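First the structure, in the form of structure tokens, and then the observations on it.
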Amino acid sequence: MTTQQILSFTVIALMMAAFISGRFRYDVVAMCSLLVAVLVGVVPYKDAFRGFSDEIVIIVGSALVVSAGVARSGLMEAAVQRFVPSLSSVRAQLAILVIVVTILAAFVKNIGALAIMIPIAFQFARRSNVSPSVFLMPMSFGALLGGLMTQIGTSPNIVVSRIRAEMVGESFTMFDFTPVGATLAAVGIVYLVLFYWLVPTRTREDVSAEEAIEILNYVSEATVSKESTVIGKSMTDVVKPAEGGAIVTSIIRGERRVTPLPDTKLAQEDVLILQGDPKALHAIVTSGKLQLSRDRSHSESGGLAEIDSIEAVVGDTSPLIGVSARELALFDRYDVNLLAISRQGERIKDRLGEVRFQLGDVIVLQGRDSVLPNLLREFGCLPLAKRTILLGSVRRGLVPLLILLAAIGVTAFSLLPVSIAFFAAAVAMVLFKAIPLRDLYTAIDGPILVMLAALIPVSDALRTTGGTDLIGHFLTQIAHQLPPFAALALILIAAMAVTPFLNNAATVLVMAPIATSFATGLGFRPEAFLMAVAIGAGCDFLTPIGHQCNTLVMGPGGYKFNDYPKLGLPLSLIIVLTAVPALMLFWPLK
């Protein structure tokens, strides 16, 4: 073993120890590892920052933006309400999420399948009052298992098919992977649904000030317009999307008030006084296509100017005190809408425009980014820490989902690489205003991308210093002394072990020739060994860095590096114990 090889193994071992200890955040560990690798010479200066241009970083960052755009569209909430309106069992919710994402991943890129389902996971988490971490890691593992079932499901399957064509003159076909892949997926789904509780319940460590603010008693006003879907429906149907987070306190019909009884039917032009938290209010408004501020829509002529919603507290010197929004002519004079108001210890039953502001009221104003800051100063209002307020935001309907499906489609038919397709989808989300510019860089999880970019050259040091060749030679010597099933298991385990330090396609390129030489030297056919490499390369359940699906859920789930083996190590053992006999059954060695 050369000095460079010793140094590369040492850097990676120390890095893994730091990750597992959890004392430092993962991006800090990755950056320090990169600096050490450069200083000891295993990563050349010129290659130190090439990870920042790697397509994996682009794919993960773009997928986060696309997923955020789909989440804002409200389509996933609508789908949940339509197909599983009363599903509240965490295990049943998890079963649906994992099964759907696994099946989807067989026919589209697994990261695309995961991006589709993440917003639904957050919806289920809110409904069941659990952390999204309960769902996200099992979903990621399900996406990896689903990718094993077809040739296009994951990159290792595509690469190993090409290598088989080069070595034996015949490629694997689309469904050659299905018998073994479907077996592993079925076993994996059962395990994930039964043992999901092994996942530690996490919340994001980087919770910002705005996310710590919890205001649950906002009062808002919405009108039943002619486009509304709640005309003729009962109050029970109207508030169902809020899932208990909001109520209708009053109905104003013409000049009279109507008590909002559960069986009260709504009519066009009814005005609803709503009370609840902003997300629940938003769910009622969007699902029923209600109109928040009647005849108060902002012009779209502002080009790229964004319509924003901001929370602020009425201060003691505010000229708003004792004045109502109607008396102030808030929209006509300032081009700003009053969307909601919260007053501690008091239930507001009046129409929003008639409420006279008091000291300490928390209000939600909607207007242009360029207008709101100066207006808050003029009104003597103190803005709360900025957070995402969807109430009153513009929804783009099917546009975000169509963008995502287009990205998945062009990758499924190999018209564009995954990185280009998802980057284009992320740009389209911004151009079509599916995600506001102000939220774009919030959706891109900086620490995750920095970790990936820093680790790519560090991990590649194993290959450039000859460390992977050393591993291959060592495995070859061991394999000749093992029975056939053990040699097959060794290849599978080795591919699983190497994947976190190379990307999964590179793992196939490194391990496939070793697997083929195994088979040749032992007098066996190579197919089962090549399949074992593809399975191992596609099944990193132990780290967040071996596959972009695991990386994608790390930030939203608030996971630590050492959380992955808690659910992933038993699953890895199950995959090995299931895959070896399945491979020998469907791809005989002789």
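By convention here, the first residue in the shown sequence is residue 1. The structure displayed is predicted, hence computed values, not measured ones.
For the residue pair Pro544 and Met554, the shortest heavy atom distance occurs at CB-SD, 3.6 Å. Residue Leu352 comes nearest to Ala340 through the heavy atom pair CD2-N, 3.9 Å, listed as atom of the first residue, atom of the second, then distance. Of all heavy-atom pairs between Met149 and Ala106, the closest is CE-CB, 3.6 Å. Closest non-hydrogen pair, Ile321 versus Gly315, comes out as CD1-O, 3.4 Å. Across all their heavy atoms, Met235 and Leu261 have their closest contact at CG-O, 3.1 Å. Scanning both residues, Ser133 and Pro138, for their nearest heavy atoms gives O-CD, 4.4 Å.
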Leu94/Phe124 under side-chain contact (heavy atoms from CB on, under 4.5 Å): CA gap, chis, key distance, verdict | CA-CA 9 Å; Leu94 179 68; Phe124 278 158; over 6 Å; no

Please walk me through it: do Ser128 and Gln93 pass side chain to side chain donor-acceptor pair (under 3.5 Å)?
-> CA-CA 9 Å; Ser128 301; Gln93 291 173 337; 2.6 Å; yes

Where do Phe122 and Leu136 land on the side-chain contact (heavy atoms from CB on, under 4.5 Å) test, with the steps shown first?
-> CA-CA 9 Å; Phe122 276 92; Leu136 294 180; 4.2 Å; yes

Does the pair Tyr218 and Glu311 meet the rule for a side-chain contact (heavy atoms from CB on, under 4.5 Å), with working shown?
-> CA-CA 11 Å; Tyr218 269 121; Glu311 295 170 298; 2.9 Å; yes

Apply the test side-chain contact (heavy atoms from CB on, under 4.5 Å) to residues Val199 and Val134: give CA-CA distance (whole Å), side-chain angles for both, the deciding distance (0.1 Å), then the verdict.
-> CA-CA 6 Å; Val199 181; Val134 173; over 6 Å; no

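Cys381 pairs with exactly one of Ile363, Leu365, Val313 by the side-chain contact (heavy atoms from CB on, under 4.5 Å) rule, that one being Ile363.
The main-chain N or O of Leu194 is found under 3.5 Å from a side-chain atom of Arg91 such that the two form a donor-acceptor pair. Using modelled atom types, one side-chain atom of Thr236 and one backbone atom of Pro262 make a donor-acceptor pair closer than 3.5 Å. In this structure, Asn374 contributes its side chain and Val371 its backbone to no donor-acceptor pair below 3.5 Å. At least one donor-acceptor pair closer than 3.5 Å links the side chain of Thr102 to the backbone N or O of Gly142.
Open room surrounds CG on Asn129; 12 or fewer heavy atoms of other groups in view lie less than 6.0 Å from it. Tyr191 OH: more than 12 foreign heavy atoms inside a 6.0 Å radius.
Aromatic ring centres of Phe541 and Tyr564 lie farther apart than the 6.0 Å criterion allows.
Taken to the nearest 0.5 Å, the CG atom of Leu192 stands 6.5 Å off from the CG atom of Leu145. We find the CG-CG distance between Asn337 and Asp335 to be 8.0 Å, quoted to the nearest 0.5 Å. To the nearest 0.5 Å, atom CE of residue Met137 and atom CG of residue Leu198 are 10.5 Å apart. Interatomic distance, Leu339 CG to Gln366 CD, rounded to the nearest 0.5 Å: 4.5 Å. The CD atom of Glu378 sits 10.0 Å away from the OG atom of Ser318 when rounded to the nearest 0.5 Å. Separation of atoms CG (Leu272) and CG (Leu281) is listed at 11.5 Å; rounding is to 0.5 Å.
Comment: Asp563 engages Lys566 in a salt bridge, judged by a side-chain N to carboxylate O separation of less than 4.0 angstrom. Between Arg351 and Glu221 there is a salt bridge, since at least one side-chain N of the basic residue sits less than 4.0 Å from a carboxylate O of the acidic one.
Between the side chains of Asn550 and Ser140, at least one donor-acceptor pair of N or O atoms lies under 3.5 Å. Using a 3.5 Å distance cut-off with no hydrogens or angles, the side chains of Thr223 and Glu269 do not pair a donor with an acceptor.
Taking the six-membered ring where the residue is Trp, Phe379 and Tyr334 present perpendicular rings, their angle passing 60° and hence far from 30°.
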Extract all donor-acceptor atom pairs below 3.5 Å that involve side chains of residues 112-120 and protein atoms in other chains or at least two apart in sequence.
none

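Side chains of Ser228 and Gln268 form no contact here, defined as non-hydrogen atoms less than 4.5 Å apart. Between Val248 and Val239, some side-chain heavy-atom pair lies under the 4.5 Å cut-off. At a threshold of 4.5 Å between non-hydrogen side-chain atoms, the residues Asp237 and Ser234 count as touching. A 4.5 Å side-chain heavy-atom check between Leu571 and Leu567 finds every atom pair outside the cut-off. Side-chain contact between Thr264 and Ile251 is present, with at least one heavy-atom pair separated by less than 4.5 Å. Annotation: side chain of Leu338 is not in contact with side chain of Val364 (no heavy-atom distance under 4.5 Å). With contacts defined as side-chain heavy-atom distances shorter than 4.5 Å, the pair Ile341/Phe357 qualifies. A 4.5 Å side-chain heavy-atom check between Leu372 and Val336 finds at least one atom pair inside the cut-off.
Residue pairs meeting the side chain to side chain donor-acceptor pair (under 3.5 Å) criterion with at least one partner in residues 251-260, sequence neighbours excluded, are Ser250-Arg257, Arg253-Asp270.
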